[in-house]
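Just the heavy atoms: all of them, side chains too, but no hydrogens, waters or symmetry mates, feed the values below. A note on names: the letters A, B, ... follow the listed sequences, proteins ahead of strands, and every chain is numbered from 1.
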Amino acid sequence: MNLHLKVWRQKSAQSEGRLADYEARNIPEDCSFLEMLDLVNEDLLSKGEEPIAFDHDCREGICGMCSLTINGIPHGPSETTTCQLYMRKFKDGQTIYIEPFRVGAFPLLRDLAVNRSAFDRIQQAGGFVSAHVGAAPDGNAILVPKTQADRAMEAAACIGCGACAAACPNASAMLFVGAKVTHLGSLPQGQPERDRRVLAMVRQMDAEGFGNCSNYLECEAVCPAEIPNSVIGQLNRDYASALVKDTL
Amino acid sequence: MSLTLDSNIPSGPLAGKWEKHKFESKLINPANRRKFEIIVVGTGLAGAAAAATLGELGYKVKAFCFQDSPRRAHSIAAQGGINAAKNYQNDGDSVHRLFYDTIKGGDFRAREANVHRLAEVSVSIIDHCVALGVPFAREYGGLLDNRSFGGAQVSRTFYARGQTGQQLLLGAYSALNRQIAAGSVEMHSRTEMLDLVLIDGHAKGIVTRDLVTGEIKSWAADCVIMATGGYGNVFYLSTNAKGSNVTATYRAHRRGAAFANPCYTQIHPTCIPVAGDHQSKLTLMSESLRNDGRVWVPKKKGDSRPSSQIPEDERDYYLERKYPSFGNLAPRDISSRSAKEVCDEGRGVGPGGLGVYLDFADSIKRLGEDKIRERYGNLFDIYHQITGENAYQMPMRIFPAVHYTMGGLWVDYNLMSNVPGLFVLGEANFSDHGANRLGASALMQGLADGYFVIPYTIGNYLAPAIGKRPSTDHPAFKQTESEVRAQLQRFLSIKGRRSVESFHRELGLLMWDQCGMARSERSLTKALKRIPALREEFWQDAKILGDNESLNTSLEQAGRVADFLEFGELMCLDALARNESCGGHFREEFQTPDGEAQRNDNDYAHVAAWEYQGYGQAPKRHIEPLTYEEVKLATRSYK
Ligand SMILES: Cc1cc2nc3c(=O)[nH]c(=O)nc-3n(C[C@H](O)[C@H](O)[C@H](O)COP(=O)(O)OP(=O)(O)OC[C@H]3O[C@@H](n4cnc5c(N)ncnc54)[C@H](O)[C@@H]3O)c2cc1C
Ligand code: SF4
Ligand code: FES
């Protein structure tokens, strides 16, 4: 198939960006979206133009490194991530807009690559259990009911891609933060630090400039890991309850 | 300086070696630990676990990775699970059994002492991961659930849905984050190590490139830990992440670290076949599918009828035919090779004839579609996403793909390479899997190295080295930095016509054809002729645009492919020198009359460790004999 691409090109954070027009020709429909970009890049290179920079690594939908806003939607029409999007989802002759994730807290690096280290800093603020190596009791010493373990796993599946914030009109990261708070909060191991965790993570989330949730739920719609919006409710409840205790 | 390979295996009975070694290892008191700086390159399972644990102990750690976050390391992609000798299922498992299975699985080419230690610490890994909040699968009663994996006769595999690697990595990432917040670990993402710095023969630092700004920088430390993963991408197509590479380990090799057993590569039998020339990587379909799927190809050569029109008596269920007792569950190497054989005979299916069927029709008839959906629904979905085909209605197509590399930098029992002060962890070292790795054992090894081994063994090097950290003003840093800059400049000044990508593809295909699932003296000699020529072409004709001072993905790739172009040759040399078949290394000349791998224990029960001799010079092969005190060398049989 042949496609018209409108791709965001920007040499660095400091320089001006623009949408460049490219033609992608003879693209097999078994090709993934990123493989289509690989082919376009080979073509650009042969013409002496610098290839389009975009982030990716696993190309299996699990590392969370790929991003891209495709026709206005983070991860485009993929059921999961951009790297798991196949060209058979597009029509011959279609025009495709390819832009970076646009979130104030994710500064642009080059072309389609953005800096998502704000997410790392939120995790550093409290997304952990303080367990010393070598001091753990036997793995079966504390029983965890299956329903709780499953709830924890469901939330822990977040791949940290940032699509939730990119899709949100408020650039809210609450699905991402709620996922970690729910994951650790559903397990006995996460209880001792539950209050301080949620307070610290929310404080960092605000400091990074992410917005608040006003229930658009665009995040849930684009989330490749199917994180349910109930984690946002959990985040709000845990935060409120921790805040009360904190001010006591 | 001549190269010495002293494995430093503690004396005494096998089961007591690790306890004894821990007791005899040098301790560093808490106040002194702050005086040591440690560099950790790579923050996958092995590196993140090491950095977090050493930080927790009070060492000052600087960690590096090339992705935008440590959470993205390739470890994240592991699906199946992690082994541990917990014997929670009361089915006869024990440390000794896990030890024995691993040695046997490795086709008797691993060190007994290392493997025994791995089996011993496996139990602590699970405890620690549970404490970190890793949401392992549970039974209704709240106990940890297990499954049997990769043909093991006991259920010792712990898992978190089909995302075990993800959850273990996120656990290690959270431990790392805690140390970053505490100030004991300084994390540098999007920073690639481009060289190792040696001072008086000791590893004392690295030179890196900031992948966003292009800044070249020196970092000094008391010692360097590398946990940079495997080299499967030398084949271009593999199940590894796109960024996985050999650069860190190969450049350390050029600085004197011996590379052990590079020819040992594992080919996984159940991957989605290549769809066309555009293909950039291969996707694994969990091995568990073989529990309910039947593998077949048409009996007739070049039979292009759709599967549904091939009658039962014109199908060859070749695994069931050749291995009646194991059938579709034959081990990875055997299943992979059999698939290649039928495709070589012209009986492969799908595009290019490079695929075999994995058919669920019988199971669906027997168990119902719902049951199959419940067991493998997500895999069928992935298959559908990628191929557009519905495997409930037609057989899946699968083909073997490169998956894991057992070879790596040579290390002793302390996980230190022959270069003092350079430690190597995880898939990057060669240590525990011999010639073939059992399913669910790589995650175990990475975490064992990082959480439980290196924190003890590092003291043996550091204790006497107190106060010997150089500064980055040392001429060795300046010299290495200028070599790194010169190489980057050289890439940018080739200004040829061919993309780096096309060189990588060509090398990969060559390696797959000549040094892949089956190798022979003829094929290896051919590859050894072609690789140097290809490398020359690369240096004459590669096209790398842009500059060093910005995010430049072609420049990053150029460095990695240049290293693969040297490393591929080393792999072929190693394969050629090992005149036997064992585990993931199958030499066509060495097989039994019925086509099974034929080991040669008299001449090859050793580790081959290669010493670099200069660009374009033949490297030197050294050996570390493997002595077996506990197990008897036996022939694997899966008939
Ligand atoms: C698809 C797939 C499924 C698998 N499933 C299983 C399974 O079920 N069970 C199992 O036990 N094993 C499995 N494995 C194998 C296992 O996942 C890996 O062997 C293991 O995770 C490797 O971990 P590691 O920490 O050694 O390296 P990696 O996770 O590969 O990490 C390497 C790190 O090094 C960094 N790095 C590399 N080079 C540089 C450089 N030059 N400069 C700076 N940083 C660098 C990277 O950024 C990264 O942080 C699977 C592998 C694959 C491919
Ligand atoms: S919550 Fe979903 S969309 Fe947001 S970072 Fe996690 S996986 Fe991505
Ligand atoms: S590249 Fe890893 S999720 Fe897309």
* Side chain, backbone, both or neither: which part of Gln385(B) has a heavy atom under 4.5 Å from chain A? -> both

* **Which portion of Ser46(A) sits near chain B, non-hydrogen atoms under 4.5 angstrom** => backbone

* To do: Side chain from CB out, backbone as N, CA, C, O: work out which of these in Gln79(B) comes under 4.5 Å of a heavy atom of chain A, or both, or neither.
  => side chain

* To do: Measure Gln167(B) against the heavy atoms of chain A and call it side chain, backbone, both or neither at under 4.5 Å.
  => side chain

* Min side-chain heavy-atom separation Asp55(A)-Val114(A) under 4.5 Å -> no

* Asked: Does NZ or CZ of Arg161(B) fall inside the cone over Phe136(B)'s six-membered ring, less than 6.0 Å from its centre and within 45° of the axis?
  -> no

* Structure fact -> Ranking Ser550(B), Ala73(B), Ala175(B) by heavy-atom pairs under 4.5 Å to chain A gives rank one to Ser550(B)

* Structure fact -> Honestly, the part of Arg190(B) sitting under 4.5 Å from a heavy atom of chain A is side chain

* May I ask you to check whether Phe33(A) and Phe90(A) place their ring centres under 6.0 Å from each other? => yes

* Interface moiety of Leu282(B) toward chain A, non-hydrogen atoms closer than 4.5 Å -> backbone

* Verdict with reasoning, Phe176(A) to Phe210(A), per ring pair (Phe, Tyr, Trp, His ring centres under 6.0 Å) -> CA-CA 11 Å; Phe176(A) 170 75; Phe210(A) 291 103; 8.0 Å; no

* Asked: Does the side chain of Met187(B) come within less than 4.5 Å of Gln124(A)'s, by heavy atoms?
  -> no

* To do: Please state whether the side chain, the backbone, both or neither of Ile386(B) comes within less than 4.5 Å of a heavy atom of chain A.
  => both

* To do: Answer with side chain, backbone, both or neither: which region of Ser75(B) has an atom nearer than 4.5 Å to a non-hydrogen atom of chain A?
  => neither

* chain A contact via Ser499(B) - which portion, at a heavy-atom distance below 4.5 Å -> both

